[in-house]
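Note that the structure is a prediction, hence the values are computed from the model and not measured.
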Amino acid sequence: MFEIVVQDSGGKETGRYSCPGGSCTVGRSSKNLVILGGWRIGASHARFDQNSTGIFVTDTSGGGGLQVNGRPVSNYGPLTGSDVISLSSYRLQILVDAGTHVPQPTPAQAASPKIPVSAELPGRASDTGEAEGKKGAFGVRNSSAGETVEAGERFHFHSLVHRKLMQAMDLRRTDVESMDVVQLTTTVRGLIGQIIAELDKELPPGLDRDRLGKEVLNEAVGLGPLEDFLADEEVTEIMVNRYNDIYIERHGRLEQSPITFSSDDAVRSVIERIVSPLGRRIDESSPMVDGRLPDGSRVNAVIPPLAIKGPCLTIRKFSRKQLTTDDLMAFSAMDTKMVRFLDCAVHNRKNIIISGGTGSGKTTFLNVLSNFIPHNERIITVEDSAELRLGQPHVVSLEGRPANMEGAGEVTIRDLVRNCLRMRPDRIVVGECRGGEALDMLQAMNTGHDGSLTTVHANSPRDLISRLEVMVMMAGMELPERAIREQIISAVDVIVQLSRFSDGSRKVTHISEITGLEGEIVQMQEIFSYNQHGLDGDGKVVGEFVATGRVPEFYEGLKQQGLQVDMSIFTNP
């Protein structure tokens with residue numbers, strides 16, 4: 001039997017682990033005896049083996065590196081109590097028995113870069129004795145007064161409880177993978193209650209024990225401090241720049257959150273918790289990932305070495321309420337005339353492209369616009385990450401897939417668009433065209449799949465035409481520019497332009513119809529527009545929606561077919 005002593009790069013001991021003999025491992029995975037955090041630590045970084053001749057260490061990191069006494073090794077032994085094993089910024093030493101002296105690190109070791117490790121504060125005794133109050137959800141007593149602890153001090157105790165929780169789960173060999181969510185939550189809640197009770201005299205009287213326990217529980221089995229933001233309907237976007245730097249968007253404006261994670265490892269755990277059920281992965285070989293939450297919220301994550309300051313996480317929340325045109329009009333995103341026009345265009349199977357910049361609300365608007373599709377039609381949706389939630393009964397949803405670790409198995413949006421043409425769709429709805437799939441989408445619109453809907457990143461209807469041309473060229477087909485433009489004018493009927501304004505509001509700023517090709521220029525006419533007049537005293541955008549007076553050409557065709565159309569929407573009162 002021997003002990004493994006773990007120190008940070010400054011020489012401070014952060015844990016001791018007893019190995020009963022035979023073999024034990026060190027790494028980032030929960031299956032190791034010693035669990036270390038950090039992107040430079042492998043899932044299984046090193047293995048210790050004990051036999052009759054002594055204790056040996058072997059590098060199992062697959063390239064992460066192992067050093068003994070400052071020299072790179074792949075295998076070393078037998079080890080003594082004075083040997084220093086280096087894994088990234090951690091220092092490990094072996095104690096053959098409890099009486100072995102643990103030498104101090106050399107000056108060179110002490111001077112090496114220090115990783116952020118929360119240091120335990122000396123125990124503090126309350127001036128008033130044990131805090132009075134009722135027992136909360138974690139079985140500990142709360143102070144009857146509100147929390148009076150500063151954010152920095154509360155963050156320290158949050159980190160302390162979280163670290164002790166990980167140690168307790170490790171010592172008890174908690175088999176997390178075999179538990180369901182309810183069992184895991186119950187087990188972790190009980191451990192947190194015990195830890196907070198043991199630390200009660202060290203915790204300040206003004207610290208809300210229940211709140212502390214809830215935050216640590218959320219971080220251990222949920223999405224940490226993000227849980228409250230996800231439950232808040234007013235928060236539309238969550239941006240984690242690093243573990244202690246979180247911003248949120250509320251009512252269209254950014255604000256910094258006082259709530260933070262306890263460490264980079266906690267952020268990394270949340271990311272893995274999100275992407276694992278989706279069949280996605282994130283590691284040093286694949287440090288970027290797109291995914292979604294169960295409610296459809298869009299997730300993007302980037303980890304080191306690409307993210308220099310630490311793991312980054314961005315969540316664009318998806319509204320739990322199925323928005324309608326009434327909601328958009330209540331938000332002043334459009335007016336009644338626009339709604340009636342778009343209802344007519346969708347119902348009569350006109351191909352519509354929703355254009356706008358990042359965060360302008362294209363996907364939300366696409367969802368709302370799809371409500372106009374009749375319920376007796378077969379709809380096939382194609383997305384990179386499934387976000388659309390259509391209310392029709394006959395909907396098939398397809399989602400792209402990234403490549404696996406061997407670089408095989410990727411299914412692109414273009415593959416899905418081509419495949420859905422064989423699935424007898426009445427309507428094709430593509431979440432976003434951003435590459436060569438634009439050519440397949442235009443071809444689908446031109447070959448009998450009328451009434452298709454999609455979104456494209458562009459700052460104006462005119463810019464959209466240029467973007468489509470570029471994306472078609474990305475398909476690898478060497479088509480003449482005129483041929484591409486002819487494809488566009490024969491496929492696309494209506495362009496809806498969305499914009500996000502300085503006050504955070506999103507509005508439909510242009511609705512245009514493509515009318516033809518004159519020379520080398522695609523001709524279009526504006527049907528509706530939004531005219532901004534300025535800002536009011538609160539910084540809100542002031543303006544009005546107006547009809548230009550032009551009547552779409554397809555309306556004349558509908559009249560010739562004997563269909564009733566409302567021409568009054570194209571005139572201003």
Side-chain angles (χ1 to χ4, degrees), residues 337-338 340-356 362 366 369 372 417 427-430 433 436-475 477-499 508-530 546-563 565-567 569-572:
K337 293 181 178 180
M338 291 178 169
R340 288 157 65 186
F341 170 76
L342 292 173
D343 186 2
C344 178
V346 174
H347 190 80
N348 288 282
R349 305 180 65 84
K350 298 304 172 183
N351 296 320
I352 300 175
I353 294 183
I354 301 167
S355 168
K362 297 186 297 300
L366 179 60
L369 207 58
F372 294 136
V417 171
R427 307 269 186 155
I428 299 174
V429 180
V430 178
C433 281
E437 63 271 9
L439 175 60
D440 300 288
M441 190 68 186
L442 292 177
Q443 288 179 328
M445 292 175 174
N446 278 322
T447 54
H449 298 90
D450 295 327
S452 297
L453 305 172
T454 188
T455 70
V456 174
H457 274 83
N459 295 322
S460 70
R462 182 58 61 184
D463 286 344
L464 171 64
I465 303 300
S466 299
R467 283 273 295 151
L468 285 175
E469 292 177 8
V470 171
M471 288 190 291
V472 168
M473 293 177 183
M474 291 170 65
M477 305 290 289
E478 297 183 2
L479 298 175
E481 291 184 4
R482 184 174 181 86
I484 296 175
R485 289 170 186 155
E486 288 175 349
Q487 284 279 310
I488 293 173
I489 63 171
S490 61
V492 183
D493 297 304
V494 177
I495 299 172
V496 180
Q497 181 69 40
L498 303 178
S499 294
V508 177
T509 55
H510 305 278
I511 297 181
S512 304
E513 179 192 32
I514 294 182
T515 58
L517 186 65
E518 185 176 322
E520 298 295 327
I521 305 299
V522 174
Q523 297 298 305
M524 64 178 68
Q525 64 174 352
E526 194 167 273
I527 311 300
F528 298 97
S529 65
Y530 177 75
V546 297
T548 63
R550 300 184 181 92
V551 178
E553 291 183 358
F554 73 83
Y555 258 59
E556 298 295 339
L558 295 176
K559 286 178 62 178
Q560 292 175 7
Q561 296 173 28
L563 299 177
V565 291
D566 184 2
M567 306 297 288
I569 62 176
F570 304 113
T571 60
N572 294 309

Does R485 reach the main-chain N or O of E520 with its side chain, forming a donor-acceptor pair under 3.5 Å?
yes

Any donor-acceptor pair under 3.5 Å from E526 side chain to I511 backbone
no

4.5 Å side-chain heavy-atom contact, V346 and R427:
yes

In short, R467 meets A458 closest at the heavy-atom pair CG-CB, 4.2 Å

I'd like to know whether L563 forms a side chain to side chain contact (heavy atoms under 4.5 Å, CB included) with N348, so could you lay out the CA-CA distance, the side-chain angles of the two residues, the decisive distance to 0.1 Å, and finally the verdict.
CA-CA 10 Å; L563 299 177; N348 288 282; 3.7 Å; yes

I353 versus L453: any side-chain heavy-atom pair under 4.5 Å?
no

Can you tell me how far the CG atom of L464 sits from the NE2 atom of H510, to the nearest 0.5 Å?
12.0 Å

Evaluate the criterion side chain to side chain contact (heavy atoms under 4.5 Å, CB included) for residue pair E437 and T454; output intermediate values, then yes/no.
CA-CA 11 Å; E437 63 271 9; T454 188; over 6 Å; no

Quick one: CD1 on I514 to CE on M524, what's the gap to the nearest 0.5 Å?
5.0 Å

Hey, what's the ring geometry for F570 with F341, parallel, tilted or perpendicular (30° and 60° as the breaks)?
perpendicular

Worked verdict on F528 versus K337 for side chain to side chain contact (heavy atoms under 4.5 Å, CB included):
CA-CA 9 Å; F528 298 97; K337 293 181 178 180; 3.9 Å; yes

State whether the number of non-hydrogen atoms from other residues, nucleotides or ligands found under 6.0 Å of I521 atom CD1 is greater than 12.
no

Ignoring hydrogens, what is the shortest heavy-atom contact between M445 and A491? Give both atom names and the distance.
CB-CB, 3.7 Å

For the atom pair CG (D493) and CD (E553), what is the distance rounded to the nearest 0.5 Å?
10.5 Å

Quick one: closest heavy-atom pair of L366 and I354, and the distance?
CA-CD1, 3.5 Å

Between the CD atom in E469 and the CZ atom in R482, the distance rounded to the nearest 0.5 Å is 12.0 Å

Tell me the closest heavy-atom pair linking M471 and C433, and the distance in Å.
SD-O, 3.4 Å

Looking at D450, is its backbone amide N or carbonyl O close enough to the side chain of R349 to form a donor-acceptor pair, meaning the two atoms are under 3.5 Å apart?
yes

For the atom pair OG (S452) and CD1 (I352), what is the distance rounded to the nearest 0.5 Å?
10.0 Å

Mark yes or no for whether S512, through its side chain, and I495, through its backbone, hold a donor-acceptor pair below 3.5 Å.
no

Can you name the nearest heavy-atom pair linking A475 to L439, along with the distance?
CB-CD2, 3.8 Å

Could you tell me whether the side chain of T515 reaches within less than 4.5 Å of the side chain of I489, counting heavy atoms only?
no

Is it true that atom CD of Q523 has more than 12 heavy atoms of other residues, nucleotides or ligands lying nearer than 6.0 Å?
yes

Looking at CG of L342 and NE2 of H347, how far apart are the two atoms once the value is rounded to the nearest 0.5 Å?
14.5 Å

I569 and A547: which non-hydrogen atoms are nearest, and at how many Å?
O-CB, 3.7 Å

Is a side-chain donor or acceptor of Q525 paired with a backbone partner of V551 at a separation under 3.5 angstrom?
yes

Taking the side chain as every heavy atom from C-beta outward, state whether C344 and F372 have any pair of such atoms under 4.5 Å apart.
no

Could you tell me if the side chain of M473 sits less than 4.5 Å from the side chain of E478, heavy atoms only?
no

Give the C-alpha distance, both sets of side-chain angles, the deciding distance and a yes or no for side chain to side chain contact (heavy atoms under 4.5 Å, CB included) between K350 and E513.
CA-CA 10 Å; K350 298 304 172 183; E513 179 192 32; over 6 Å; no

Are any of the side-chain heavy atoms of E486 and I488 separated by less than 4.5 Å?
no

Donor + acceptor pair across side chains of Q497, S355 (<3.5 Å):
yes

Would you find a donor on one side and an acceptor on the other, under 3.5 Å apart, between the side chain of N351 and the backbone of G451?
yes

